[in-house]
Amino acid sequence: MQTATDLRNLLARIDRKGYPAYKDTKGAYQFPDYVLSIDHVQGDPFAAPSKVSIHVRGSAAAFPPSLYRTPVQRIALQDALTRRFARQAEAVSFRAKGSGHSGQISVSRCGQEVLERTACCLDPTHGDLCLRLEVGFPAQGRTIQARELEKILFDFLPQCIHATLFYRNLDSKQLQAVADLAEDQQYIRDALPQMGLCAFVANGSILPRASGVSARPMKDGVAFQSPPELAVTLDLPHRGQITGMGIPRGITLIVGGGYHGKSTLLEALELGVYNHIAGDGREYVITEDTAMKIRAEDGRSIRRTDISQWISNLPNGKDTTAFSTEDASGSTSQAANVVESLEAGTSLLLIDEDTSATNFMIRDELMQRVIQRAMEPITPLIDRIRELYETYGVSTVIVAGSSGAYFHVADCIIQMDRYVPRDITALAKREAQAFPLGSEPLPPASVPTFDRRPKASPELCGDRVKCKTLGRDGVSLNRETVDLRYVEQIVDSEQTAALGACLLYAQKHLLDGRRTLREVVDELEELLERQGLAALCEGRSEAAFLARPRKHELFASADEKSRPPCSLGWKDRFSESASR
C-alpha cells in the first residue's frame, strides 16, 4: 500500500497533464488514521464523478459495540453517519474549482426512511468502517488541476472524515438516541403478531406531508390520536410506555370524505415497513414488514401467472392457471398483483380504491342481476377477501370512499374525519343491514401454483451489460426496461439500482430453468445477508451507491413491470418442463 506522501508526489507529477493521467491515482493510500482508496477514476470532468472509499479500523473509529449490537441498530448507525457526512461534504463541495463535476464531493442522499446502504458499512465483528463517496476530479477543460484535487484529498476530505467517522468527535448522546429509537421500532414490529395486529400508529404522529413532492412532515399538521376502541399501549425498551392505534389482523376498511386523510393514513402504513428517522412524524408508525401495496397497472405484462383464483372461464377458453399477456387490463393486472404478493409471502395487502380497477373490487347488486355470475369471468376481491384471511392468513387494509359494500365483510371500520380516526364499526354494520349483498358465497378457490422457473436471457449474461437506473421509476439493462413506477414501496433510487444489480446477478448465476422464482429470490436474500449489497456488483465500482430493497420488491421486479415491446422479466423465459 502506498502512503499519503506518495499520493501528494503523484499529484505534483501529473499537474497540468491531460485528464487520462488521473488514472495513475487509482489505488489505496495510507493516511495517519485511515486508508483512502481511489476505486474508479472518471474519464473526463463531465463524466460521473470518481468513486472513492474511506476505510477506518475499528480500533481507531472506536464506536461502542452497544451502538450496533443488533442489525437494526447497526443500520441506523450507518444511516446516521451517512447523513452527517453528507452535511459535512455539502459545506465543502465545489470549493475546488474546475469544469464539469470538478470539486464535487457527495455521498448518498438519505430520505426519511432508514435503509441499509453501501455508502456506509460497519463490520459488526471488528467495528471497521467503510464509507463510499464520489469526488469530481478537477480539471480546466481536459487539463488536470492537481492542486485543486490536493485541496480535496488533503484538506476538505480529512475535515469531513474526522467529523464523521471517529466516535470521539461525535455527540455520544445523539448516537445513543439513534440506536435506542431503532431498537424501540423493532420492538413494536416484533410485538405486532403477538398482539394480533398488523400495524401500529402512535398517538402524536404527524402523518400529512409538507407537499405532494416533499416527504417531510407538514408544519402544524394534525397530530394523530387513536380512537379509544382501538387504543393499545406498549412498554418500549427505551422510550417506555407509548399508546396508539392498533390495526387488528383481518379486514380493515378506512372510509371518510375526500381530503379527510384516508389515503394519507394508508401511505403512512405502506411506508411503515421501514423505520423512519427522528423528527419525521412517523417514527412510530410500524407495519408488518411483509406488507404489500397493490394497485391496478394497465398495460403491464404478465408471464405464466396463475390468476385462476380471480379470473377464469374466459370466452376464448384461454388458460388462466398459467396466464400471459403483454398488455394487461386494470383488473387482470391487479389480480396478478394479488397472486404475486401471495407468492412473495405477504401477510398484509394495502389497497386504495382510487388506484384500483372497479370491476376487480366490486360488482353491485344491479349489475349482478343483469349480468349473471356465470357470464362474468372476473371474481371481485370482495367475494374472496375473507378467504384470503382465513385460508392464507393475509389481512387487508382498504381505503374506500364510494362503495359501502365492504362494510359487510370488514372486521374493523375506521372513519377519517379531518385527519382524526374514529371507530365506526358498530354504526356501519348496523346501517349495512338495510343493504344486503346480493351474491351467494363462493366455494373456496384452488390454491395458486407458484412453480415458475425462469431462464436467463443470453444477451444479459455477458460482462458488458449496461445497467442504468431511471430514478425510482425503473431500471434498464441494455435496451430493455423494467418499469417499477407502480411499485409504490420503493422509496429511494438506490433501491432501484440494487434491483437492477439483482437482476444482472440472477441472470448470470441463478436463472437456470431449474430454480423456481421463490428459490431465486431466497438465494439472493441469503447472499445479501451473508455478504451485503456489494456482493451483487462483484467488485465493480457500481457498489458505491446501493440501498437494500425488501424481498418483496425483489419479487416485484422479477414479476416484470416492463411495457411492450420490452421482454426483460425474470419470468419471461421458462423451461419447457415448467410450461407444461
Return the [atom1] to [atom2] distance between [X] and [Y], rounded to the nearest 0.5 Å.
| X | Y | atom1 | atom2 | answer |
| --- | --- | --- | --- | --- |
| Ser66 | Gln176 | OG | CD | 5.0 Å |
| Leu192 | Leu234 | CG | CG | 8.0 Å |
| Leu122 | Gln78 | CG | CD | 6.0 Å |
| Lys97 | Ser102 | NZ | OG | 10.5 Å |

Looking at [X] and [Y], would you say the former's side chain and the latter's main chain have a donor-acceptor pair under 3.5 Å?
| X | Y | value |
| --- | --- | --- |
| Asp79 | Val114 | no |
| Gln42 | Asp44 | yes |
| Asp123 | Thr125 | yes |

Indicate whether any N or O donor in one side chain lies under 3.5 Å from an N or O acceptor in the other, for [X] and [Y].
| X | Y | value |
| --- | --- | --- |
| Asp6 | Thr3 | yes |
| Thr164 | His162 | no |
| Gln489 | His552 | no |
| Gln73 | Glu183 | yes |
| Thr243 | Thr233 | yes |
| Asp190 | Gln186 | yes |
| Ser108 | Glu494 | yes |
| Ser347 | Thr290 | yes |
| Asp235 | Gln241 | no |
| Glu113 | His276 | yes |

Would you say [X] and [Y] make side-chain contact, with heavy atoms under 4.5 Å?
| X | Y | value |
| --- | --- | --- |
| Phe85 | Ile161 | yes |
| Thr82 | Cys110 | yes |
| Met292 | Leu348 | no |
| Arg515 | Leu510 | yes |
| Asp492 | Arg117 | yes |
| Leu157 | Leu133 | yes |
| Met1 | Val35 | yes |
| Pro45 | Phe137 | no |

Cation-aromatic face contact Arg239/Tyr284, 6.0 Å, 45 degrees:
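Here Arg239 passes the 6.0 Å and 45° test against Tyr284.
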Could you check whether Arg8 makes a cation-pi contact with Phe154, meaning its NZ or CZ is under 6.0 Å from the centre of the six-membered ring and within 45° of the ring axis?
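Verdict for Phe154: a cation-pi partner in Arg8.
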Which heavy atom of [X] sits nearest to which heavy atom of [Y], and what is that distance?
| X | Y | value |
| --- | --- | --- |
| Ser493 | Arg472 | N-CG, 3.6 Å |
| Glu270 | Leu350 | CA-CD1, 3.4 Å |
| Cys467 | Leu477 | SG-CD2, 3.4 Å |
| Ala182 | Ala76 | CB-CB, 3.7 Å |
| Ala96 | Pro138 | CB-CG, 4.4 Å |
| Tyr68 | Phe63 | CE2-O, 3.5 Å |

Is the closest basic N to carboxylate O distance between Glu288 and Arg249 below 4.0 Å?
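Yes, Glu288 and Arg249 are salt-bridged.
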Describe, in one word, how the ring planes of His509 and Tyr505 are oriented to each other, choosing from parallel (under 30°), tilted (30 to 60°) and perpendicular (over 60°).
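The arrangement is tilted - the two ring planes meet at 30° to 60°.
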Check the pair Arg209 / Asp280 against salt bridge (Lys or Arg N to Asp or Glu O under 4.0 Å), numbers first and verdict last.
CA-CA 9 Å; Arg209 300 293 91 186; Asp280 172 75; 3.1 Å; yes
Are there over 12 heavy-atom neighbours, none belonging to Gln140, within less than 6.0 Å of that residue's CD?
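Above 12, so yes.
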